[in-house]
Amino acid sequence: MLLGPVLVLLLLGGAGPASAHAALTSTDPGDGTVLRRAPAHVTLTFSESVGLRDDSFRVLDPGGHRVHTGEAGRAGGRADTARVALPGELGEGTYTVAWRVVSADSHPVSGAFTFSVGRPSQTAAPVDTGPTEDPLTAGLHKTARYLSYLAVALLVGTAAFVALCRPPDPAPLRRTLVAAWWTLLAATVALLALRAPYEAGTGPSAALDPAALGDTLTTRPGVLLLVRLGLLVPVALYLLHAARTARADRRGGRRTALTGAVGVVLAVGLALTWAAAEHASAGTQVPVAMTSSVLHLLATAVWLGGLAALLTTLRSARPAPDAATVARFSRTALTAVTVLVVTGVYQSWRGLGSWQALTGTAYGRLLLAKVILVAVLLAAAAVSRRWTAALVTEPAAVREPGRVPERVPQPAGGPPPEAPRPEAPRATHPSRAGTGTGAGTGTGSALRRGLYRSVLVEAVVAAVVLGVTTVLTATPPGRSAEEAARAAVPAGGVLPASVTTIPFEIGASGRGTVQITLDPGRTGDNAVQAVVFGPDGSLAAVPELRLSFTLPDKQVGPIEADLLDRGGYWSANTVTLPLPGTWTMKVTVRVSEIDQVSENRRIRVER
């Protein structure tokens with residue numbers, strides 16, 4: 001039941017290009033620059049630390065032939081840089097640098113830029129960044145990631161449900177624990193084998209290369225996956241020990257407390273293998289972010305995995321569920337939700353970076369969708385709590401039909417008046433209401449069915465939330481997307497005087513953005529550069545881009561900017577804006593051979 005919605009989200013989330021989270025902030029030489037003499041090195045600087053590969057740099061000469069370079073290294077020992085040495089005999093013309101590195105959160109990122117020695121070539125080598133990703137490898141990798149999230153939620157959540165909620169008969173939950181353990185094992189092995197072809201952008205057959213697997217085991221993502229595999233061994237021993245302890249009716253509080261402490265340590269260890277490989281491991285406030293990420297993942301597992309365990313318990317309980325178990329899970333879930341809200345708010349602030357990123361980036365829009373789904377989930381949980389209250393306050397004879405209430409001696413004058421109970425959801429249809437034992441039996445059965453249906457709705461919505469969360473972890477944070485946009489400066493590295501970002505719709509593919517740089521943004525001659533970004537924040541190629549300027553107050557324009565495709569960005573050397581004032585800038589993006597979209601923005605041009 002949980003797997004279905006997750007696979008649907010897998011298909012939806014896999015429709016776009018691969019996401020990468022390290023933003024290229026500068027290059028030396030700058031993109032498009034013309035140098036008097038050949039540089040000794042090519043240096044890239046990123047927004048976060050990156051991992052280097054054997055093929056991190058490929059330099060092509062003006063004829064498209066590969067230039068022999070040294071090994072990729074660092075500039076000044078900084079982890080957020082990549083540098084390669086160039087030979088000293090570079091001739092005149094335009095050179096293309098294609099690069100590929102691995103972000104600190106384990107996602108590969110690639111790109112290309114050009115520079116010229118002496119003067120630009122009449123024709124430059126095509127900008128080839130190498131393979132971006134193999135569709136089959138990417139699909140298998142995403143599937144394994146989603147299954148690993150699902151498995152750890154079921155594993156940790158079910159174990160926590162048994163330990164904290166103490167169901168009378170935990171035997172039906174053993175199948176869930178075994179299935180979750182094996183699923184996590186298989187998903188982790190798949191992620192480890194697919195790591196090399198995923199980073200290289202090649203087909204899954206490369207996973208069979210022993211040398212590539214050996215290289216993977218020396219990288220941080222590979223080491224973390226290996227640690228996760230190692231932790232699954234003590235996790236299996238812990239589950240076996242916990243099962244024997246449960247069958248022995250818990251031989252004392254001290255031993256139970258020690259068993260619980262071991263379980264917490266193992267759960268935290270598993271959560272760390274995710275936190276150390278994703279968004280929390282890079283950027284600002286890394287120690288706080290790592291702690292928040294671990295707590296967020298564990299709270300998610302306790303809540304979502306606990307829902308699946310509660311469903312199993314409700315379905316298998318005969319003749320009726322244990323009210324105390326349901327009440328304990330209700331309290332546990334409330335605590336987990338509180339932790340989720342606190343850590344989620346912090347992680348959202350850290351990932352977004354600005355209010356504009358909430359609607360202007362793919363990460364922000366996914367985050368909004370997750371917030372809406374969590375609100376629906378909380379509404380379903382509120383209904384479940386009402387059913388839980390009704391079940392807990394129902395007399396024992398109703399919860400357990402056939403049980404004869406104990407006769408309790410009453411004081412003279414009769415029993416004291418009963419305190420009114422809070423009104424519960426209608427358990428049965430009025431026409432089916434009865435009296436006596438039959439009515440009690442019907443009421444107890446109806447309470448159980450109502451609670452089961454309510455928890456089922458919670459679990460379905462929770463599965464969708466889990467799917468959105470896994471897609472969110474593979475999407476560049478809003479902070480990184482904005483850094484990438486700011487890094488798209490004009491050739492030569494001159495900072496722009498006026499930058500305008502304009503979103504536009506791309507049909508079913510989502511929303512892209514165009515960043516327009518007007519330099520110097522004043523009256524007279526201006527240079528214009530335009531960069532198009534896709535729905536995931538990466539650079540996008542479009543067949544045509546047109547730009548015009550109009551000054552409505554003075555009835556000036558439209559003045560067309562003659563934009564040329566420079567291989568990665570569009571530019572016009574000169575656009576003359578004769579008067580100061582508030583101009584209307586119209587950009588038209590042709591997204592296919594037959595489809596185009598136009599957007600207007602008002603910009604201020606100073607004298």
Side-chain angles (χ1 to χ4, degrees), residues 20 22-104 108-132 483-496 515 517 519 527 529 531 538-539 564-571 573:
L24 179 65
T25 58
S26 67
T27 65
D28 184 15
D31 185 15
T33 55
V34 180
L35 308 174
R36 292 184 178 180
R37 62 183 64 182
H41 301 87
V42 170
T43 304
L44 309 179
T45 304
F46 297 89
S47 60
E48 61 182 45
S49 59
V50 294
L52 302 180
R53 298 174 41 82
D54 292 337
D55 59 347
S56 281
F57 286 96
R58 290 184 301 113
V59 182
L60 307 179
D61 65 16
H65 302 98
R66 187 162 183 174
V67 176
H68 179 71
T69 61
E71 292 186 1
R74 308 288 186 179
R78 292 173 50 189
D80 61 348
T81 63
R83 168 176 282 186
V84 66
L86 299 176
E89 64 275 6
L90 290 183
E92 186 178 83
T94 300
Y95 291 81
T96 302
V97 180
W99 52 269
R100 188 178 184 90
V101 296
V102 181
S103 298
V109 53
S110 60
F113 66 96
T114 63
F115 68 90
S116 301
V117 178
R119 63 175 181 172
S121 302
Q122 295 268 337
T123 58
V127 180
D128 180 15
T129 62
T132 53
E483 288 178 359
R486 288 194 296 267
V489 299
V494 180
L495 294 176
Q515 179 182 277
T517 301
D519 185 11
Q529 291 82 25
V531 184
S538 61
L539 293 177
L564 298 177
D565 187 357
R566 305 293 187 182
Y569 70 97
W570 297 70
S571 71
N573 291 332

Participant: Atom OG1 in T45, atom CZ in R78: separation rounded to 0.5 Å?
Facilitator: 5.5 Å
Participant: Can you tell me how far apart CZ (R58) and OG1 (T69) are? Round to the nearest 0.5 Å.
Facilitator: 10.5 Å
Participant: Any heavy-atom pair between the side chains of V42 and F113 that's under 4.5 Å?
Facilitator: yes
Participant: If you compare all heavy atoms of G73 against all heavy atoms of L52, which two are closest, and at what distance to 0.1 Å?
Facilitator: O-CD1, 3.4 Å
Participant: Can you name the closest pair of heavy atoms from L90 and A38 and give their distance?
Facilitator: CB-CB, 3.7 Å
Participant: Mind telling me whether W99 and F46 have parallel, tilted or perpendicular rings, with 30° and 60° as the class edges?
Facilitator: perpendicular
Participant: Would you say the side chain of T96 lies within less than 4.5 Å of the side chain of V59, judging by non-hydrogen atoms?
Facilitator: no
Participant: Using every non-hydrogen atom in the two residues, find where V97 and F57 come nearest and quote the distance to one decimal.
Facilitator: CG1-CD2, 4.0 Å
Participant: For H41 and A85, work out which heavy atoms get closest and say how close.
Facilitator: CD2-CA, 3.8 Å
Participant: Can you spot which of T43, L44, T81 makes a side-chain contact (heavy atoms from CB on, under 4.5 Å) with D28?
Facilitator: T43
Participant: Between L86 and H68, is there a side-chain heavy-atom distance shorter than 4.5 Å?
Facilitator: no
Participant: Measure the OG1-CG distance between T114 and L60 for me, rounded to the nearest 0.5 Å.
Facilitator: 11.5 Å
Participant: Carefully, step by step, assess S116 and T94 under the rule side chain to side chain donor-acceptor pair (under 3.5 Å).
Facilitator: CA-CA 4 Å; S116 301; T94 300; 2.8 Å; yes
Participant: Could you grab the distance from atom CZ of F115 to atom CG of D31, nearest 0.5 Å is fine?
Facilitator: 11.0 Å
Participant: After noting the C-alpha distance and the side-chain angles of V50 and R74, does the key distance pass the side-chain contact (heavy atoms from CB on, under 4.5 Å) rule?
Facilitator: CA-CA 10 Å; V50 294; R74 308 288 186 179; 3.7 Å; yes
Participant: With E92, which residues qualify under salt bridge (Lys or Arg N to Asp or Glu O under 4.0 Å), at least two apart?
Facilitator: R119
Participant: Within the side chain of S56, is there an N or O that forms a donor-acceptor pair under 3.5 Å with the backbone of R100?
Facilitator: yes
